[in-house]
Amino acid sequence: MTTPVIAIDGTAASGKGTLARRLARQLGYAYLDTGLLYRATGFMTLSLYPDTDEITEEMAITAVNAITAATMENSALRDEEVTQRASKVAAMPAVRTALIEQQRNFAKNPPESAAGAVLDGRDIGTVICPDADHKIYVDADVEVRATRRVKELLERGDEAIHARVLQDMRERDARDSSRSVAPLVAADDAFIMDTTKMDADAAFTTALEFISKRNQSKA
Ligand code: DC
């Protein structure tokens with residue numbers, strides 16, 4: 001028997017992280033935020049090569065290899081500078097390849113013998129776990145996503161200007177969707193959720209209903 005896997009992909013600030021975390025808690029599954037791996041890589045390039053914006057794949061791979069458990073917990077991973085750099089290193093094929101195994105291992109052997117795994121990211125249902133039991137793709141209007149991100153930043157005590165956040169988000173969406181490897185795209189068999197008019201509770205209920213119905217139809 002293989003461990004059940006739920007793949008959640010989608011755009012930034014679409015609510016996919018909150019949804020993934022809540023589903024994992026509800027089902028007793030382990031949760032992996034795969035964006036953190038790209039953020040940690042971006043963060044490491046900033047600390048190893050502070051004087052340049054010209055990051056080569058080789059430098060990015062050195063950064064991947066320098067990631068430690070402490071890096072993954074660093075609150076700076078959410079900083080805007082790291083966010084933008086993460087999106088740049090995530091477009092590098094060698095970086096994506098270097099991070100595949102870790103993600104697939106998590107899905108196959110979730111930590112602490114959890115009954116299953118929930119992974120969220122951009123390419124989970126298409127590349128990392130194409131055989132996932134359930135695939136959900138989450139999106140929302142970019143203006144609404146920017147407003148959510150501004151709220152998040154202000155709650156963290158960071159400065160946030162809506163127009164700037166919106167522009168950064170559009171740039172990041174474009175980069176994540178147009179890159180040649182593993183671009184952000186919904187898997188053909190994904191359940192598409194538009195959370196523009198949904199709060200976190202509504203998104204959770206909708207997703208759980210989709211999973212339960214599919215489980216019943218497969219039983
Ligand atoms: O989900 P996030 O905002 O924390 O992701 C950070 C960056 O990493 C984002 O620009 C997209 C990229 N990413 C990716 O390319 N593939 C993933 N599976 C997860 C994130």
Side-chain angles (χ1 to χ4, degrees), residues 5-21 23-24 31-46 55 57 60-61 63-64 67 71-107 117-130 132 135-140 142 144-146 148-153 156 158 160 165-187 190 193 195 203:
V5 173
I6 302 177
I8 304 194
D9 292 302
T11 47
S14 58
K16 66 182 186 324
T18 305
L19 174 62
R21 207 169 293 115
L23 285 175
Y31 167 55
L32 179 65
D33 173 355
T34 66
L36 282 184
L37 298 169
Y38 297 92
R39 287 175 179 273
T41 307
F43 173 82
M44 270 301 170
T45 63
L46 288 163
I55 300 298
E57 277 200 321
I61 291 298
V64 169
I67 296 172
T71 321
M72 300 298 291
E73 313 232 313
N74 194 328
S75 63
L77 296 188
R78 298 272 164 213
D79 289 354
E80 269 311 294
E81 196 186 13
V82 175
T83 301
Q84 288 300 329
R85 180 59 67 81
S87 162
K88 287 184 185 151
V89 295
M92 297 178 174
V95 168
R96 303 203 72 84
T97 304
L99 295 174
I100 283 182
E101 247 354 87
Q102 195 177 339
Q103 297 173 75
R104 288 197 178 144
N105 274 342
F106 186 98
V118 181
L119 284 80
D120 86 39
R122 303 292 191 287
D123 62 342
I124 308 303
T126 50
V127 176
I128 304 295
C129 302
K135 297 181 187 179
I136 301 175
Y137 184 89
V138 193
D139 198 2
V142 69
V144 170
R145 290 190 285 120
R148 288 178 189 161
R149 180 51 50 86
V150 167
K151 189 165 167 264
E152 248 172 55
L153 289 168
R156 282 183 41 176
D158 290 344
V165 171
L166 180 62
Q167 188 194 332
D168 286 352
M169 198 162 270
R170 286 202 162 113
E171 278 173 22
R172 197 148 73 98
D173 278 357
R175 210 162 32 230
D176 292 343
S177 309
S178 67
R179 65 183 177 221
S180 58
V181 267
L184 170 63
V185 60
M193 281 180 54
T195 63

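Ligands are counted one by one from 1 in listed order, and the atoms in each one are counted from 1 as well.
A salt bridge between Asp168 and Arg149 is absent, with no side-chain N of the basic residue lying under 4.0 Å from a carboxylate O of the acidic one. Electrostatic pairing of Asp79 and Arg156 counts as a salt bridge here, judged by a charged N lying under 4.0 Å from a carboxylate O.
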Any chance you could lay out the salt bridge (charged side-chain N to carboxylate O under 4.0 Å, His left out) test for Arg21 and Asp120, step after step, and finish with the verdict?
-> CA-CA 9 Å; Arg21 207 169 293 115; Asp120 86 39; 5.9 Å; no

Walk me through it: do Thr195 and Arg148 pass the test side-chain hydrogen bond (donor to acceptor under 3.5 Å, both in side chains)?
-> CA-CA 12 Å; Thr195 63; Arg148 288 178 189 161; 3.3 Å; yes

Are Asp173 and Arg145 close enough, and set up right, to give a salt bridge (charged side-chain N to carboxylate O under 4.0 Å, His left out), and what steps lead you there?
-> CA-CA 11 Å; Asp173 278 357; Arg145 290 190 285 120; 2.6 Å; yes

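Distance from atom 5 (O) of ligand 1 to its nearest protein heavy atom, with residue and atom name: Gly35 CA, 3.6 Å.
In terms of polar-atom proximity, Tyr38 is not counted as a contact of ligand 1, lacking any N or O under 3.5 Å from an N or O of the ligand. For ligand 1, none of its N or O atoms has an N or O atom of Gln103 under 3.5 Å away. The shortest N or O to N or O distance between Asp176 and ligand 1 is under 3.5 Å. Residue contacts with ligand 1: Thr83 is placed with no nitrogen or oxygen under 3.5 Å of a nitrogen or oxygen of the ligand (distance criterion only).
Under 3.5 Å, the side chains of Arg175 and Ser87 contain a donor-acceptor pair of N or O atoms. Counting only N and O atoms by type, the side chains of Arg78 and Thr83 include no donor and acceptor under 3.5 Å apart.
Relative to atom 19 (C) of ligand 1, the option among Thr34, Leu32, Asp123 with the closest non-hydrogen atom is Thr34. Of the options Arg96, Arg85, Arg39, Arg149, the smallest heavy-atom separation from atom 16 (N) of ligand 1 is shown by Arg96. Of the candidates Met169, Arg122, Met92, Arg122 brings a heavy atom nearest to atom 13 (N) of ligand 1.
Residue contacts with ligand 1 for Ala12 are absent, since no atom lies close enough (heavy atoms, distance under 4.0 Å). At a 4.0 Å heavy-atom cut-off, ligand 1 touches Arg179 through the side chain alone.
Counted within 6.0 Å of CD on Glu81, heavy atoms from surrounding residues, nucleotides or ligands total 12 or fewer; the atom is thus considered open.
Residue contact check: Gly121 has heavy atoms under 4.0 Å from atoms 17 (C), 18 (N), 19 (C) of ligand 1. With ligand atoms numbered from 1 in the order given, ligand 1 contributes 10 (O) to contacts under 4.0 Å with heavy atoms of Ser87. In the vicinity of Ala90, heavy-atom distances shorter than 4.0 Å reach the ligand 1 atoms 12 (C), 15 (O). Numbered from 1 in the order shown, with element, the atoms of ligand 1 that lie under 4.0 Å from a heavy atom of Arg172 read 3 (O), 6 (C), 7 (C), 9 (C), 10 (O). Atoms of ligand 1 lying under 4.0 Å from at least one heavy atom of Lys16, given by number and element, are 1 (O).
The shell of residues lying under 4.0 angstrom from ligand 1, judged by heavy atoms, excludes Arg175.
Remark: the backbone N or O of Gly125 is paired with a side-chain donor or acceptor of Asp9 at under 3.5 angstrom.
The OG atom of Ser177 sits 9.0 Å away from the CZ atom of Arg122 when rounded to the nearest 0.5 Å.
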